[in-house]
Amino acid sequence: MTAAPAPGAQAPRPNRHQDAMPVPRPGPAHPAGRTAAGSRRPAGSRRPAGSRRPAGSRRPAGSAPRVAPSSPPPPDHGLRLFGSAAENLAEHLARLGPVPWRGGPGPLIDELRGSGLTGRGGAGFPVWRKLAAASGGGVTTGPPAAALGGAGPRGGPATVIANAAEGEPESRKDAWLLTAAPHLVLDGLALAAEAVAAAETHVYVKPGPAADAVTRAIAERRTARLDRVPPDVRAAPAGVFVAGEAAAAAAAVAGRPARPFPQWIPLAAPAPRGAGRAGRLRRPVIVLNAETLAHLALVARYGAGWFRGTGAPGEPGTMLVTVSGAVIFPGLVEVPTGATLGEIAGLAGGAAEEPGAIRVGGYGGGWVPAGRAHAVPMSRAALTAWDAGPGPGLVHVLPARLCGLAETARIVGYLAGQSAGQCGPCRRGLPELAAAMANLSAAGGPGVGGLAAGEFLTGGSAASSSAAAGGSAAGDAAGDPVARWVTQAAELAELVDGRGACRHPDGAARLVRTALRVFAADLAAHAAGRCVGSVT
Amino acid sequence: MSSGSPQWSASSRGPAQSETVTHAGSGTRAAVKPPTSWLLTVDWTACDGRGWCVELLPEVLAQDRWGYPISREDAARAATARDGELPPGRPSRDIPVPPPLAAHARRAADTCPRQALRLRYVS
């Protein structure tokens, strides 16, 4: 990594996509030459697809080519996705070469395992393990191609879903990918489908320009007879936070409401032996984030070694990060994993005003104090120490003049409203948590208008009375309303964390827990009857 | 545990063995808990807090403020947080059941009126 740029650096760096914010537009608004990498690429490097000898023609089965011989050179290592933007099929094939079919499950899964590619949707799960589970399980040693070649998994053929539902309100990356590089995502989807012998593939995305762009791209591929299993586009409900969760995506594609459901065995795994009739009818479902699939398509083309050439060692590669809040140029940037938050903010033009705190990982992410955030790497390993994670690539800069407690209260209120209401602790706990944070920020601060607890409560009088009982239990903090709401919020965060079918309550708990720690100075100020913003 | 253990360790395997054990026990959050092979998992979409499991397995489970089952360990965590200390780590998604109580846990899972409990053995 290079040294972190000075705060307030004005010049946008090349790994920033200026067209990506605030609203993604359909393909024609994104001339690919305007991406930084595209304009740098020498014109002579383009050549028609397949102009050299066909890929893999002289190779024994199972030995994966490091770089497909017929492909043009890989995109600049720092701008892998931005450098691969191509709005139509001809341009995509000219830039990246043909889809590198691997002839079965083994080679691609091995290559992905070697690459260390992890999911970019927030959970960071190793991609190869999902595919290995669906293609029969236990691909750990030996020649998987031979072992798995013909035999399909129990419970019928798999379904692969490209998840671009993007439930995080601040995220723009998946919409940008489907708009500017739809064929890269669709290549990844087709390759994943080949690796698990899938019978169905779907693109799960909210209606809008991105869905229109990917629909056009699928039509192009259908005309070119490119995919063995042509994908179809399934509409994700707009404005529903939990609809992007993997199980919710699987449910929506299966025609059920887009809500998470409990998974006793992983979605991607075939039913275990002895699971009975219901188990035999269960099909493995592989849900991969759109950005993950785009990286997968590049790993298949250029190999594991190339992929590991940049980024943090444990989670290599590049990642798309949507930067929002008090920066000069809010928008999408592409950085190697492990780039510091200071570098990421610098790529977005630097802080537009004095920052107070940085929220990493979205609404269900964690707060990092601005004074320390500059040098914190955007990687799972480094952010764990802050009780946060990269999430789906989100960085938000909160200016120091805004109250971090009020901002947390606003977000937890939103998350409470977005609970699917299926799980008791989430349904009843998040509104109480939101009310505690709202009351906390209202005491001695600008607050959010002095919300009554009941405004967040959905459970009626029973919930209100239990909230009151919980409040009186914290009687040792009597007399100090701020201390009372702090203890209330801290207890509720523990009571909702990990107690749902999905991680929605976990995210709200994390946000509150980090807020209570990071905004400690502000808590003291609130207790003294004034608000000092988000000075950390 | 037994008085003979340190002598055995010192004579046959040397201090390296005990060091390794200590490190494994204090390294990650998951490893802090004693090794347990039975795990109780709640289907939160099904549970409506009737409380049968808490009556049948009081050694492990308590009721939270809404009546839903919570491990006694995590209930203590939440109480610690209420008292103004933020405990390190996070609550666990699965509830460990000591082996002697496995039969009681099985009964709690089998008699749950909402069939919201799964007991699994993790080797």
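Hydrogens, waters and symmetry mates are skipped; everything else that's a heavy atom, side chains included, is used.
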Student: Side chain to side chain contact (heavy atoms under 4.5 Å, CB included) for B:Asp83 and A:Thr487? Distances and angles first, verdict last.
Tutor: CA-CA 7 Å; B:Asp83 294 341; A:Thr487 56; over 6 Å; no

Student: Given 3.5 Å as the limit, does a donor-acceptor pair link the side chain of B:Arg93 with the main chain of A:Asp497, or not?
Tutor: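 Absent.
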
Student: Is the number of heavy atoms from other residues, nucleotides or ligands within 6.0 Å of CZ (B:Arg107) greater than 12?
Tutor: no

Student: Which distance, rounded to the nearest 0.5 Å, do you find between the CD of A:Gln422 and the SG of B:Cys47?
Tutor: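 The distance works out to 13.5 Å.
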
Student: Within a radius of less than 6.0 Å around CZ of A:Arg510, do more than 12 heavy atoms belonging to other residues, nucleotides or ligands occur?
Tutor: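 More than 12 within 6.0 Å, yes.
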
Student: With a 4.5 angstrom heavy-atom cut-off, is it the side chain or the backbone of A:Arg259 that approaches chain B, or both, or neither?
Tutor: neither

Student: Determine the minimum heavy-atom distance between A:Glu494 and B:Ala81, stating which atoms define it.
Tutor: CG-CB, 3.7 Å

Student: Any carboxylate oxygen within less than 4.0 angstrom of a Lys/Arg side-chain nitrogen, looking at A:Asp506 and B:Arg90?
Tutor: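 So A:Asp506 pairs with B:Arg90 through a salt bridge.
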
Student: Should B:Trp44 and A:Cys426 count as side-chain neighbours, where that means a heavy-atom distance under 4.5 Å?
Tutor: no

Student: Take B:Arg65 and A:Glu491 through the test side chain to side chain contact (heavy atoms under 4.5 Å, CB included) and record every step on the way to the result.
Tutor: CA-CA 11 Å; B:Arg65 58 165 70 181; A:Glu491 182 188 9; 3.1 Å; yes

Student: Can you tell me which portion of B:Thr41 sits under 4.5 Å from chain A's heavy atoms? Options are side chain, backbone, both or neither.
Tutor: both

Student: Would B:Trp66 and A:Glu432 count as a side chain to side chain contact (heavy atoms under 4.5 Å, CB included) here? Give the steps.
Tutor: CA-CA 11 Å; B:Trp66 308 290; A:Glu432 289 186 28; 2.9 Å; yes

Student: Is it true that, when you exclude B:Glu55 itself, more than 12 heavy atoms of the residues, nucleotides or ligands shown sit nearer than 6.0 Å to its CD?
Tutor: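 Counting other residues, nucleotides and ligands, CD of B:Glu55 stays at 12 neighbours or fewer.
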
Student: Checking heavy atoms, do the side chain of B:Asp64, its backbone, both or neither come under 4.5 Å from chain A?
Tutor: side chain

Student: Counting heavy-atom pairs under 4.5 Å to chain B, which of A:Gly421, A:Ala501, A:Pro425 comes out on top?
Tutor: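 It is A:Pro425.
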
